Structures are given as C-alpha cells and as structure tokens.
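Throughout, protein chains are lettered first and strands after them, A, B, ... in sequence-line order, and every chain is numbered starting at 1. This one's a predicted model, so the numbers in the text were calculated from it and none came from an experiment.
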2 protein chains.
Amino acid sequence: MPRAGLDPASVTEAAAALADEIGISQLSMSVVAERLGVKAPSLYKHVDGLADLSHRIAVLAATELGDELRDAMQGRAGRDALAAAAQTVRDYVKQHPGRYAATFVARPADAEGTLTLALDRTLASFAAVLRGYGLEPSDEIHALRMLRSVLHGFGTLEASDGFQMAADVEASFAWVVEFLDRGLRASSL
Amino acid sequence: MPRAGLDPASVTEAAAALADEIGISQLSMSVVAERLGVKAPSLYKHVDGLADLSHRIAVLAATELGDELRDAMQGRAGRDALAAAAQTVRDYVKQHPGRYAATFVARPADAEGTLTLALDRTLASFAAVLRGYGLEPSDEIHALRMLRSVLHGFGTLEASDGFQMAADVEASFAWVVEFLDRGLRASSL
DNA sequence: GCTTTAAGCTATTCAGATTAGCCAAGGAGA
DNA sequence: TCTCCTTGGCTAATCTGAATAGCTTAAAGC
C-alpha cells in the first residue's frame with residue numbers, strides 16, 4: 001500500500017473543495033476519505049475529526065477571503081474600494097459556498113481563536129474601505145457592522161437561493177453598493 | 001402505557017423549543033423524543049423524520065415571524081415602520097435562534113413550497129415598509145433585497161456571536177436603522 | 001361491550017464517527 | 001547498503017443516531 005502523501009493542509013483543501021460541491025452539512029469523513037483515495041480512519045492521522053476539519057475549512061476560507069480582499073483593494077479608495085470589496089465577498093461566497101458556510105458554522109469550535117484571528121483580516125479590509133469615507137470615529141464601528149451585515153446577508157441569501165427571480169440579482173447588487181456609497185458619503189464629516 | 005397525546009404540531013413545537021436551546025445542528029430525534037417522554041421511533045408516527053421535522057420548524061418560524069411583523073407594523077409608516085420591522089426581526093432571531101436558523105437550513109427540502117409561502121408573508125411586510133418611502137417602482141425589488149440582507153445579516157451575525165465588543169450592539173443597530181431611513185428617504189421620488 | 005384505528009414500544013438494520021492495534025513505507029544514520 | 005524508528009494507512013470493533021418492521025394495546029365510534 002503506497003502512501004498517499006497527505007498532510008493536514010491537503011486534507012483540508014480536499015474537504016473544502018468537497019464542501020463547496022455538496023454543502024458543508026453533507027460533508028463526512030467518509031466522502032473526504034473517498035475523494036482522497038483513502039479509508040476514513042486514516043484521516044485521523046492528519047486531523048482531529050470532523051469538528052476539527054470543519055474548523056480548518058473555516059480558517060482556510062477566512063484566510064483566502066482576507067487575501068482576496070486585500071488584493072482587490074490595492075490602490076482603490078472610496079466608492080471604488082467599496083465596490084471592489086463587496087464584489088469580492090459576493091464572488092467568494094458564490095464560488096465557495098461550503099467553505100464560507102463553515103466560517104459561521106464552526107464559530108463555536110474556535111476556542112483558540114484561530115478563526116477569529118483570520119476573520120479579523122477581512123474586518124481590517126472593511127475598515128479600510130470605510131476609512132476612505134472619513135466618518136466620525138464613533139460611527140466607524142457601526143458602519144463596519146452594517147457593511148458586514150449587508151455583505152454577509154446578501155451573500156448567504158443569494159447562495160441559499162433565497163432570492164426569487166434570480167434574473168436581476170446583479171442589478172440589485174449594484175443598487176445596494178450605490179445605496180451604501182451615497183449614504184456613507186452623506187455621513188462623512 | 002398511557003398515550004402522550006402528541007400530534008405533528010406539538011412535536012414540532014417541542015423540537016423548535018429544543019432547537020432554540022441547543023442549536024438546530026444538535027437537534028436529533030432522540031433528544032426530541034426524550035423531551036416529550038417518548039421513544040424516538042414513536043415520533044415517526046407524527047413526522048416523517050428529521051428532515052421533515054426541520055422543515056416544519058422552519059415553516060413554524062417563518063409563520064411566527066410573519067405574524068409578529070404584521071402585528072408590529074399595525075398603524076406605522078415610514079421610519080417608524082422600518083424601525084419596528086427591524087427590531088422585530090432582530091428580537092425574533094435573538095429569542096429563537098434555532099428556529100430561525102432552520103429557515104435557511106431547510107430551504108433545499110422545500111419541494112412543495114410551504115416554506116417559501118410562509119416566508120413570503122415576511123417579505124410582504126418588508127415591502128409594506130418600503131411602500132411608505134415612495135420609491136421608484138423599479139427600485140423596490142432592490143431595496144427589498146437590501147432590507148432583507150441587512151436584517152438577515154445583522155441578526156445572524158449577532159446570534160452567532162459574530163460581533164466583538166457585544167456592548168454597544170444596540171447603538172449599532174439604531175445607527176443602521178437610521179442609515180437606512182436616511183438613504184431611503186433620499187431615494188424617494 | 002366490540003371493533004377498528006392509531007400511538008407507543010421493542011428489536012433490528014444501517015450509516016457514519018471514532019478508537020485500538022497491526023504492519024509496512026520510507027527517511028536517518030551507521 | 002542495511003537497520004531502526006517514526007509515521008501513515010489498514011482492518012476490526014465500538015458507539016450513536018436515523019429509520020423501518022411488526023407487535024400490542026389505548027381510546028374513539030358504534
């Protein structure tokens with residue numbers, strides 16, 4: 001029996017890919033093992049079980065999203081930065097629904113705070129977007145929470161097929177970004 | 001063995017209460033049965049299994065939220081209606097996190113559309129809020145989706161403990177409502 | 001009281017997570 | 001190259017929870 005050359009990272013990556021395909025709730029040690037050409041118990045040599053695997057997927061997703069956000073915002077400010085950040089989140093959720101879902105399903109299992117740490121990087125990008133609007137310092141935390149809420153809400157609703165008439169979700173998204181930009185500009189000092 | 005006097009509604013109600021306590025993901029036929037003083041297989045006389053139970057909880061939640069929204073909006077319009085609707089959703093998610101979570105977890109199992117139908121009632125209330133702002137008809141669908149996104153996002157983030165510094169979430173919520181009101185008024189014809 | 005329906009039970013099967021313990025692959029050093 | 005030791009994969013087994021089958025009797029209608 002030749003070795004498969006697995007390690008925690010490759011197992012997590014395979015599991016994340018599977019989660020995107022079949023949904024995080026359908027993820028099992030068995031399917032991951034099958035995908036990797038290995039038997040389920042073998043996975044326990046690399047990860048600490050399903051809960052740990054799910055947590056690792058969440059951290060991976062938060063890290064990836066954080067990276068993409070940072071990249072997308074290079075050299076942009078104001079409305080441009082807002083649009084780029086929003087589009088990045090939306091695209092990520094659409095392309096990686098399973099991974100993204102893991103980030104809020106695995107929250108309880110984040111005792112060491114690894115996930116929180118990874119998520120903070122996305123928060124930093126959102127904060128950078130807002131900085132461009134020159135809000136009152138006391139308003140920033142509120143605006144940050146609003147931005148998170150809108151993007152998280154829009155992304156998850158779209159991903160879970162929550163919108164009827166899927167047709168012009170694009171238009172709605174653009175409208176929302178526009179709405180936020182106007183409001184934030186009006187709120188600036 | 002005296003009968004327990006169960007029926008689909010009472011089983012669903014007990015399961016929903018349990019889901020609020022332990023989380024929808026921890027819900028099992030066994031715990032529901034135990035809570036009702038019955039053995040797990042007995043539940044199959046009333047509901048069609050865990051997936052069906054979960055779906056029933058979702059419909060229950062959507063119906064309850066729809067009722068509360070309708071009540072909360074009696075005689076209100078404009079900013080008042082917006083604030084009331086937002087507060088109602090937020091309170092519902094906080095008080096019934098398990099039930100609320102069921103509404104988007106059970107979406108795939110909604111072949112007959114019962115859940116969609118129940119959710120449409122909450123959408124109708126949101127639409128009523130917006131009607132008070134006299135938006136361009138073509139903007140209404142976009143504004144509706146934004147409103148859903150914000151309320152859904154804010155509620156789920158708060159429920160999953162997603163906000164750090166839990167302290168002034170109240171203030172943030174008020175700020176967001178204010179932001180939406182201003183923006184919507186500016187968008188009105 | 002008699003019949004019929006339906007609710008609850010026990011026994012069983014099945015799937016999936018997890019653990020224990022075996023055994024070989026493959027790298028490190030003589 | 002040969003040997004040792006760590007490590008990864010395997011099989012076997014346990015355990016929990018979902019779901020089905022079939023038995024038995026409560027209680028509703030007559």
Side-chain angles (χ1 to χ4, degrees), chain A residues 1-59 98-99 101-102 105-111, chain B residues 1-59 98 101-102 105-112:
Chain A
M1 47 184 125
R3 301 225 168 159
L6 304 178
D7 57 41
S10 55
V11 171
T12 303
E13 182 54 52
L18 254 165
D20 290 336
E21 294 168 27
I22 65 180
I24 187 75
S25 63
Q26 294 303 304
L27 198 71
S28 71
M29 296 301 271
S30 323
V31 277
V32 176
E34 188 178 10
R35 167 69 59 102
L36 290 166
V38 144
K39 303 292 180 176
S42 307
L43 297 178
Y44 289 80
K45 288 289 162 76
H46 305 290
V47 298
D48 261 354
L50 194 56
D52 176 51
L53 183 55
S54 191
H55 184 260
R56 284 168 188 271
I57 294 173
V59 173
R99 290 153 143 88
V105 167
R107 198 85 43 97
D110 189 44
Chain B
M1 46 184 128
R3 302 225 168 158
L6 303 178
D7 58 42
S10 56
V11 171
T12 304
E13 182 54 53
L18 254 165
D20 290 336
E21 293 168 28
I22 64 180
I24 186 77
S25 63
Q26 295 303 305
L27 198 71
S28 72
M29 296 300 272
S30 322
V31 278
V32 176
E34 188 178 10
R35 168 68 61 101
L36 290 167
V38 147
K39 303 292 180 176
S42 307
L43 297 178
Y44 289 80
K45 289 288 162 76
H46 305 291
V47 298
D48 261 352
L50 195 55
D52 175 51
L53 184 54
S54 192
H55 184 259
R56 284 168 189 272
I57 294 173
V59 174
V105 166
R107 199 84 45 96
D110 190 44
E112 334 79 30

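For the pair Met29(B) CE and dG17(D) P, the interatomic distance rounds to 13 Å; values are reported in whole Å. Between the CG atom of Leu50(A) and the P atom of dG17(D) there is a distance of 15 Å, given to the nearest Å.
A heavy-atom distance below 4.0 Å to DNA chain D is reached by these residues of residues 32-49 of chain B, ordered by number: Pro41(B), Tyr44(B), Gly49(B). Near DNA chain D, defined here as any heavy-atom distance below 4.0 Å, there are no residues from residues 11-27 of chain A.
By the side-chain hydrogen bond (donor to acceptor under 3.5 Å, both in side chains) test, Glu13(B) is found to be paired with Arg99(B), residues two or more places apart in sequence or in another chain being considered. Annotation: salt bridge (charged side-chain N to carboxylate O under 4.0 Å, His left out) contacts of Asp52(B) (sequence neighbours excluded): Arg56(B). Residues passing the side-chain hydrogen bond (donor to acceptor under 3.5 Å, both in side chains) test with Ser10(B) are Asp7(B), sequence neighbours excluded. Partners of Ala58(A) according to the side chain to side chain contact (heavy atoms under 4.5 Å, CB included) rule, which considers only residues two or more places apart in sequence or in another chain, are Ala102(A), Thr103(A), Ala106(A), Leu115(A).
For the pair Ser30(A) and dA17(C), the criterion of a side-chain N or O lying under 4.0 Å from OP1 or OP2 is met.
Side-chain to base pairing of Arg3(B) with dA26(D): one donor and one acceptor N or O lie within less than 3.5 Å of each other.
Under the salt bridge (Lys or Arg N to Asp or Glu O under 4.0 Å) criterion, the residue pairs touching residues 24-38 of chain A are Glu21(A)-Arg35(A), with sequence neighbours excluded.
Residues Leu53(A) and Met29(A) meet the side-chain proximity criterion, which asks for heavy atoms closer than 4.5 Å.
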Exercise answer: donor-acceptor pairs, residues 39-51 of chain A side-chain atoms, under 3.5 Å, sequence neighbours excluded:
from	atom 1	to	atom 2	distance (Å)
Ser42(A)	OG	Lys39(A)	O	3.2

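Atom OG of residue Ser54(B) and atom CD1 of residue Ile24(B) lie 4.0 Å apart, to the nearest 0.5 angstrom.
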